[in-house]
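Here the structure is a predicted model, which means the values were calculated and not measured.
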Amino acid sequence: MHKLWIRITFSFLLLMSLLLLISGFFLAEMMKNTYYDLKENQLKQTAHLVFNAVEMDRTGLYASDLQQKVMMLSSSIQSRITVIDKDGVVLADTKDNPANMENHSNRPEVKQIIKENLTSGLSIRYSDTLGFSMMYVSIPIHENNQTVGVMRVSLSMENIEHAIRRLWISIALVLFAAFLLTGLIGMRLAKGISGPIEEMIDVSEKLKEKDYTARVKMKSKGELGQLANAINVLASSLKSQMDKLHENEQRLTGVLANMMSGVLLVNIDGRILLANRAMGQMLGEDPRTFTNKHHAEVGRSKELSHLIDQCLKTGQELRKEAYFYYPKERTVDAHLAPYVRENGEVSGIIAVLHDVTDIRRLEKMRSDFVANVSHELKTPITSLKGFAETLLDGAMEDEELCRNFLTIIYNESDRLHRLIKDILYLSSIEHHRIPLEIELVNITDAVINTANTIKKEAAKKNLQLTLPENKEIWIEGEKDRIQQIVLNLLSNAIAYTPEGGEISVNVIEEKNKIKLLISDTGIGIAQKELPRIFERFYRVEKARSRSSGGTGLGLAIVKHLVDSHHGIIDVNSVEGEGTTFIISLPKKQENI
């Protein structure tokens, strides 16, 4: 029994049934007593009439014709008449022979007159003689102001009991009809009351289950209508607030997910509440597995765990660089600060980690660049200054010595000029000051023309130069930059390949790109040196590089020229066997 209207109807019917039963019993009993009172009064009147009608002589109750007189009256009276003396002896009776009747002194209606001196007596009981209930009413017989006997009139209750039974049946039918009618009315009233309430309960359950579109549609009046309207307003307000919360949550999730900095939220017990994707990448684990774990259980940075513990302990903001060695070596700028509730209680900390590995690497590269530039400029400047001083000190008088010194000064100034030019060119490329002028370039033609300019240098070292077949392979790019790439790589190949070696250039055409392969049989590059060969001023063999006339910027320029074409450069090398540079360039620049 879960329906509210059923419970209301059941309670209403239970109450009504109790009220109807009580009222039915009360009504039946009241009507029964009223009927009994009427019969009692009727029997009293009959008794008095009989008493007045019987003419008694001096012998009083013991007249010889008493029985005869009583019998004569009974013909006109339906009631039974009995005359009893004060000792209980039956003197006359209209239904039986008085001589055969037992003493009546113990009859309740007789005792009420003889012993209790009441003005009337009443008794209703089952008669063994007649076989049904009787009503006995008695009045005293006085003689000389003394009670000398009892006049008793009795009436059969058979008809009365039958009437009472019919009365009970009638009352029961009326009560049952009233019960059904009130039940139907109560059910309709219960449904009218419970319908809106049940709908409100359903709406409340849906709101609890986060269905904020639920509304109370049933129109009610009075307090129920006000309650329904309040629930609808509440649901609308909840929906609006939850939409805003969801929108803010999506914004926050989007911001955290796309932040380059790692964010970690830790509660007061040191357990992780939130971690974004960048934090997972820094720690080398899936950030979704961090939730509810202790901060010391994730990642492998004791330094970060120490900073978190320190911030939790002191409640003070911390900022310090930390070092991660897993999954790869990183330098991070860790900023930790406590977050507090409205009451000022510290609830945990927020850790924000910025990966400054590249910044520190660039700072080191900048420092190395300044040192390398200084070092590279110092050598030719020192040479220029030294030979100039020598000439000023008198070496100019010796024509041959003067010519040698001037030749050295010229070469060093030319080297200085090339160094400064390469530095300025590299700077322009890095800062995109020189825009890429896209044109259709026949890559094989550009390679062959560039190679022809340095054939003499290759021939001086007796190097065998193999070039690609002269066929048309067109790409979009800037011809001068492509030729500069080929020139720098071929120059390096000639410089680092011993006499009698081989240099080859191949062009491979693929669907959307071409591959340019420049190989030599030179001294090669050690595997540990490969990651750094494209750095500015980085030389594998510094002494030999300077003697070759190189500035140490050639490969750095090549790398940036390839990047400007949205290409990729890679290198394979075996120390002592040779080196192969592989350059992949897209055929169309607009597809990038």
Side-chain angles (χ1 to χ4, degrees), residues 29-168:
E29 192 65 26
M30 183 183 66
M31 294 182 70
K32 175 184 173 181
N33 292 334
T34 302
Y35 198 66
Y36 280 6
D37 290 340
L38 290 174
K39 289 298 180 180
E40 181 184 357
N41 292 331
Q42 182 182 354
L43 292 177
K44 284 182 181 180
Q45 292 176 1
T46 301
H48 284 289
L49 289 173
V50 170
F51 177 74
N52 293 329
V54 176
E55 294 181 357
M56 296 186 181
D57 55 14
R58 287 186 175 182
T59 57
L61 293 176
Y62 300 101
S64 58
D65 58 349
L66 180 60
Q67 176 67 22
Q68 184 179 1
K69 291 180 179 180
V70 170
M71 291 299 294
M72 290 176 61
L73 291 173
S74 65
S75 60
S76 60
I77 299 174
Q78 297 178 355
S79 301
R80 180 181 179 180
I81 302 170
T82 305
V83 180
I84 306 165
D85 67 5
K86 64 179 182 178
D87 296 324
V89 177
V90 179
L91 302 179
D93 187 82
T94 59
K95 297 294 184 181
D96 202 355
N97 185 2
N100 298 328
M101 297 175 66
E102 62 183 5
N103 191 284
H104 281 37
S105 60
N106 291 325
R107 300 292 193 272
E109 67 278 6
V110 176
K111 292 172 64 177
Q112 291 171 2
I113 300 297
I114 302 300
K115 296 182 179 180
E116 299 177 12
N117 295 322
L118 297 180
T119 58
S120 64
L122 175 65
S123 176
I124 299 174
R125 63 181 180 275
Y126 184 79
S127 175
D128 294 330
T129 305
L130 301 176
F132 46 80
S133 297
M134 299 286 295
M135 176 184 284
Y136 298 95
V137 176
S138 59
I139 60 173
I141 298 174
H142 296 289
E143 187 175 328
N144 299 323
N145 295 326
Q146 290 184 358
T147 300
V148 296
V150 176
M151 174 65 72
R152 187 182 73 175
V153 179
S154 59
L155 180 67
S156 172
M157 298 293 293
E158 184 177 7
N159 293 333
I160 297 175
E161 289 176 351
H162 182 68
I164 291 174
R165 281 195 297 269
R166 285 186 298 178
L167 176 64
W168 272 108

Are any non-hydrogen side-chain atoms of Arg80 and Asp96 less than 4.5 angstrom apart? yes
Decide yes or no for Asn103 and Val89: does some side-chain heavy atom of the first lie under 4.5 Å from some side-chain heavy atom of the second? yes
Holding to side-chain contact (heavy atoms from CB on, under 4.5 Å), I want the full list of residues that pass it with Leu155, two or more places apart in sequence or in another chain. Lys39, Leu43, Ser79, Ile160
Would you please name every residue forming a salt bridge (charged side-chain N to carboxylate O under 4.0 Å, His left out) with Lys44, sequence neighbours left out? Glu40
Once you round to the nearest 0.5 Å, how far does CD1 of Ile81 lie from OG1 of Thr46? 8.0 Å
Contacts of Asp37 meeting side chain to side chain donor-acceptor pair (under 3.5 Å) (sequence neighbours excluded), chain-then-number -> none
Does a sphere of radius 6.0 Å around CD in Glu116 hold more than 12 heavy atoms from other residues, nucleotides or ligands, not counting ones at 6.0 Å or beyond? yes
With Ala47 via side-chain contact (heavy atoms from CB on, under 4.5 Å) - residues at least two apart: Ile139, Met151, Val153
Quick one: side chains of residues 108-115, donor-acceptor pairs under 3.5 Å with protein atoms, not counting sequence neighbours, listed by atom name and distance.
residue : atom : partner : partner atom : Å
Glu109  : OE1  : Arg125  : NH1          : 2.7
Glu109  : OE2  : Arg125  : NH2          : 3.1
Glu109  : OE2  : Arg152  : NH1          : 2.8
Gln112  : OE1  : Leu122  : N            : 2.8
Gln112  : NE2  : Leu122  : O            : 3.3

Taking only residues two or more places apart in sequence, or in another chain, which ones meet Asn33 in a side-chain contact (heavy atoms from CB on, under 4.5 Å)? Glu29
Qualifying residues under side chain to side chain donor-acceptor pair (under 3.5 Å), relative to Glu102, sequence neighbours excluded: Arg107
Qualifying residues under side-chain contact (heavy atoms from CB on, under 4.5 Å), relative to Asn97, sequence neighbours excluded: Ala99, Asn100
